[in-house]
Amino acid sequence: MSAPSRFDRGHTDDLMSFLAASPTPYHAVANAAERLEKAGFRQVAETDAWDGSAGGRYVLRGGAIIAWYVPEGADAHTPFRIVGAHTDSPNLRVKPRPDSGAHGWRQLAVEIYGGPLLNSWLDRDLGLAGRLSLRDGSTRLVDVDRPLLRVPQLAVHLDRSVNSDGLKLDKQRHMQPVWGLGDDVRDGDLIAFLEETAGIPSGEVTGWDLMVHSVEPPAYLGRDRELVAGPRMDNLLSVHAGTAALAAVAGKGSGLSHIPVLAAFDHEENGSQSDSGADGPLLGGVLERSVFARGGSYEDRARAFAGTVCLSSDTGHAVHPNYAERHDPTHHPRVDGGPLLKVNVNNRYATDGFGRAVFAAACEKAGVPFQSFVSNNAMPCGTTIGPITAARHGIRTVDIGVAILSMHSARELCGAKDPFLLANALVAFLDG
C-alpha cells in the first residue's frame with residue numbers, strides 16, 4: 001500500500017502548534033475542545049439531562065475529554081467506533097508545599113510523575129503550567145511559558161566517574177529545580193507569583209495541579225526536515241490525530257453506520273485508576289447515557305457495546321540505530337513507515353487477529369502503510385489503555401500508534417509524515 005499522495009506539512013505543523021499550546025492535560029483537552037467547537041460540537045455537562053438528537057457533543061472531566069457524533073437516524077443500539085488515547089506525559093509535578101531552598105538558592109519541591117527519563121530534564125529551560133482551583137469553586141488554567149526553572153546537573157569536576165559509570169540520580173535529592181536566589185523562602189511564594197501572573201486576586205487560589213514543562217518549542221529536524229522533535233508526543237500526538245479525525249468524519253454529516261467517538265483519558269502513565277482515567281467509569285457512563293438518551297434500553301446498550309470497536313492509539317518504539325539489539329530481531333519499525341499495529345500475546349496490548357483485520361482494512365481504505373510491533377522476548381513489554389478498555393467495557397480493542405524515539409524524554413522524536421498517516425487511518429476507521 002502506498003502512502004497518500006496528498007501529504008504536506010499542514011497536519012504536522014498543526015500538531016506542533018497543538019503540542020506547544022498543551023503543556024498539561026488540562027490545556028490539551030481545552031485545545032481539543034476548542035477545535036471540536038469549530039467543527040460544530042458543543043459541550044454537555046454531566047450534571048444535566050442529555051437529549052438524543054443528532055450532532056456532536058463532548059464532556060470534559062479534569063484532564064480527560066470524551067467526544068462523540070450522533071448521525072441522523074442513529075438507532076439506540078447503533079454501535080460505536082472509538083479512538084482512545086491519553087493526555088498525560090511523564091514529568092515533574094509540584095508538591096503541596098512547593099516552596100523550598102538551600103544555600104542561597106530558591107527551589108520548588110516536585111514529585112516524579114510516571115516514568116520519565118530523568119536525565120532529559122537536566123540543564124533544560126523549564127516553564128510551569130497547570131490548573132488553579134479558586135476559593136469560589138472555579139478553576140483557571142495557567143501557563144508560565146518562559147524560562148522559569150532549571151534542574152542543574154552536577155559539574156563533571158565534582159563527579160569524575162559520571163561518563164564511565166553512568167549518571168545516577170536520586171529522585172528526591174537531585175531533581176528539585178531552582179527558580180531564583182535568596183535565603184528568605186516563605187510558604188506561599190510560588191502561589192502568590194502565579195496569582196499575580198494569572199491576574200487572580202491574592203489569596204484566592206486554594207488548590208493547584210501544577211507541572212513542569214520544557215519551553216523549547218517543537219521543531220523540524222534533519223537534512224530535509226523529515227523529523228520532528230518535541231515534547232509530549234506520548235501521547236498528545238494521538239490526541240491531536242484523534243481530534244482531527246473525529247472533526248473530519250463529523251463534517252461529512254451522513255452515511256455513518258456507527259457513532260464515532262474520541263476518548264482521551266488522563267493518568268495513563270500511572271495506571272489509569274482515577275475518575276478521569278481509562279480504568280474509571282467515564283467512558284462507560286458517557287456511552288451508556290448516549291444510548292439511553294436515544295430512548296434505548298439495557299438490551300440496546302448491550303447490542304451497541306457488542307458491535308463496538310476501539311483503536312487504542314499510543315506511541316511505540318521505533319528501532320533505535322544505536323541499540324538495535326534491544327528490539328525484536330524480526331520487527332524493526334521505522335519512523336515514517338506508517339502507524340504501528342502493537343501485539344503482545346500476554347495481553348499487554350489488546351490486539352488479536354480480528355483487530356488486525358479491522359486496522360488493516362482501515363489502512364487499506366486510507367492508502368496508508370502500517371507496521372507490526374512486538375517487544376523483544378527478553379524484555380518486559382509496556383502497556384496502554386487498550387487492555388483496560390477491553391476488560392472494563394467488554395469492547396473489542398486494537399492497540400496501534402506511531403513509532404518514535406526517546407519515549408518518556410522531555411523531548412521526543414518522530415517522523416514528519418507519520419502523524420498525518422495516523423490521522424488518515426483514524427479517519428478511515430471512524431468513517432468505516
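Quick caveat: nothing in here was measured; it's all calculated off a predicted structure.
- Sorted by first and then second residue, the salt bridge (Lys or Arg N to Asp or Glu O under 4.0 Å) pairs with a member in residues 342-361 form an empty list; sequence neighbours excluded.
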Show your reasoning for whether salt bridge (Lys or Arg N to Asp or Glu O under 4.0 Å) applies to R42 and D51. CA-CA 13 Å; R42 61 182 176 86; D51 68 71; 3.3 Å; yes

Candidate pair I82 and L311, rule side-chain contact (heavy atoms from CB on, under 4.5 Å), full reasoning: CA-CA 6 Å; I82 304 168; L311 290 188; over 6 Å; no

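- Relative ring orientation between F373 and H317 is described as tilted, the plane-to-plane angle lying within the 30° to 60° band.
- Listed for the S120 side chain is a donor-acceptor partner under 3.5 Å among the backbone atoms of A410.
- In this structure, CG in L154 is found 13.0 Å from NZ in K168, a value given to the nearest 0.5 Å.
- For residues 112-126, the pairs satisfying salt bridge (Lys or Arg N to Asp or Glu O under 4.0 Å) are D123-R150, R124-E216, D125-R150, with sequence neighbours left out.
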Residues N91, H213; criterion side chain to side chain donor-acceptor pair (under 3.5 Å); working and verdict: CA-CA 7 Å; N91 57 16; H213 67 276; over 6 Å; no

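- Summarising the geometry, atom CG belonging to L149 is positioned 11.5 Å from atom OG belonging to S214; distances are rounded to the nearest 0.5 Å.
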Can you list the steps and then say if L92 with V151 is a side-chain contact (heavy atoms from CB on, under 4.5 Å)? CA-CA 11 Å; L92 313 179; V151 183; 4.2 Å; yes

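- For the pair F370/E364, no side-chain contact is recorded, criterion being any heavy-atom separation below 4.5 Å from C-beta on.
- Side-chain contact between P387 and D399: present, with at least one pair of heavy atoms (C-beta onward) separated by less than 4.5 Å.
- Of all non-hydrogen atoms in I385 and S272, the two that sit nearest each other are CG2-OG, 4.1 Å.
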Give the intermediate values and the outcome of side-chain contact (heavy atoms from CB on, under 4.5 Å) for residues L430 and Y69. CA-CA 10 Å; L430 291 177; Y69 180 80; over 6 Å; no

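- Side chain of R61 to backbone of D275: a donor-acceptor contact under 3.5 angstrom is found.
- In this structure a side-chain-to-backbone donor-acceptor pair under 3.5 Å is present from T397 to I395.
- In this structure, the side chains of D145 and P23 stay at 4.5 Å or more apart for every pair of heavy atoms.
- The CG atom of L210 sits 10.0 Å away from atom CZ of R131, with the distance rounded to the nearest 0.5 Å.
- Here the closest non-hydrogen pair linking L122 and M175 is CD2-SD, 4.1 Å.
- With E412 contributing its side chain and I404 its backbone, the two residues share no donor-acceptor pair below 3.5 Å.
- Side-chain N or O atoms of D328 include none that pairs as donor or acceptor with a backbone N or O of N376 at under 3.5 Å.
- Note that the OG atom of S276 and the CD1 atom of I66 stand 10.0 Å from one another [nearest 0.5 Å].
- With hydrogens and angles disregarded, no donor-acceptor distance shorter than 3.5 Å links the side chain of D266 to the backbone of G277.
- Summarising the local packing, NZ of K171 is surrounded by 12 or fewer heavy atoms from other residues, nucleotides or ligands at distances under 6.0 Å.
- The two residues A21 and N31 make their nearest non-hydrogen contact at O-ND2, 2.9 Å.
- Between F429 and V309 the shortest side-chain heavy-atom distance falls below 4.5 Å.
- With a 6.0 Å radius and a threshold of 12 heavy atoms from other residues, nucleotides or ligands, R411 has its CZ atom above the threshold.
- We find the OG1-CG distance between T383 and N344 to be 8.0 Å, quoted to the nearest 0.5 Å.
- Ion pairing between a basic and an acidic side chain is recognised when a charged N comes within 4.0 Å of a carboxylate O; D14 and R35 show such pairing.
- T384 and D314 form no side-chain donor-acceptor contact under 3.5 Å, judged by distance and modelled atom types alone.
- Of all non-hydrogen atoms in L236 and T87, the two that sit nearest each other are CD2-O, 3.6 Å.
- A donor-acceptor pair under 3.5 Å is formed between the side chain of W50 and the backbone N or O of A45.
- Judged purely by distance below 3.5 Å, without hydrogens or angles, the side chains of T315 and N235 never pair a donor atom with an acceptor atom.
- S138 and D136 share a side-chain donor-acceptor pair at under 3.5 Å.
- Around the CD atom of Q43, the shell of radius 6.0 Å holds more than 12 heavy atoms that belong to other residues, nucleotides or ligands.
- Ring geometry for H240 against F18 counts as tilted: the plane angle lies between 30° and 60°, on a 0 to 90° scale.
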Please walk me through it: do Y220 and V228 pass side-chain contact (heavy atoms from CB on, under 4.5 Å)? CA-CA 5 Å; Y220 286 107; V228 175; 3.8 Å; yes

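- Formation of a donor-acceptor pair under 3.5 Å by the R81 side chain with backbone atoms of H258 is not found in this model.
- Of all non-hydrogen atoms in A304 and T78, the two that sit nearest each other are CB-O, 3.6 Å.
- Among all heavy-atom pairs drawn from L340 and V402, the shortest one is CD1-C, 4.1 Å.
- Between V335 and K417 the shortest side-chain heavy-atom distance does not fall below 4.5 Å.
- The main-chain N or O of P281 is never found under 3.5 Å from a side-chain atom of H393 such that the two would form a donor-acceptor pair.
- The shortest side-chain heavy-atom distance between R396 and V358 does not fall under the 4.5 Å cut-off.
- Within 6.0 Å of atom CD in E72, 12 or fewer heavy atoms from other residues, nucleotides or ligands are found, so the atom counts as exposed in its surroundings.
- Put simply, SG on C363 and CG on L422 are 9.0 Å apart, with the number rounded to the nearest 0.5 Å.
- For E195 (side chain) and E204 (main-chain N/O), a donor-acceptor pair under 3.5 Å exists by modelled atom type.
- Within 6.0 Å of the CG atom in N377, the count of heavy atoms belonging to other residues, nucleotides or ligands does not exceed 12.
- Shown are T308, V286, V83, L287; of these, the side chain to side chain contact (heavy atoms under 4.5 Å, CB included) with V261 is made only by L287.
- Between the side chains of Y26 and D143, no donor N or O sits under 3.5 Å from an acceptor N or O.
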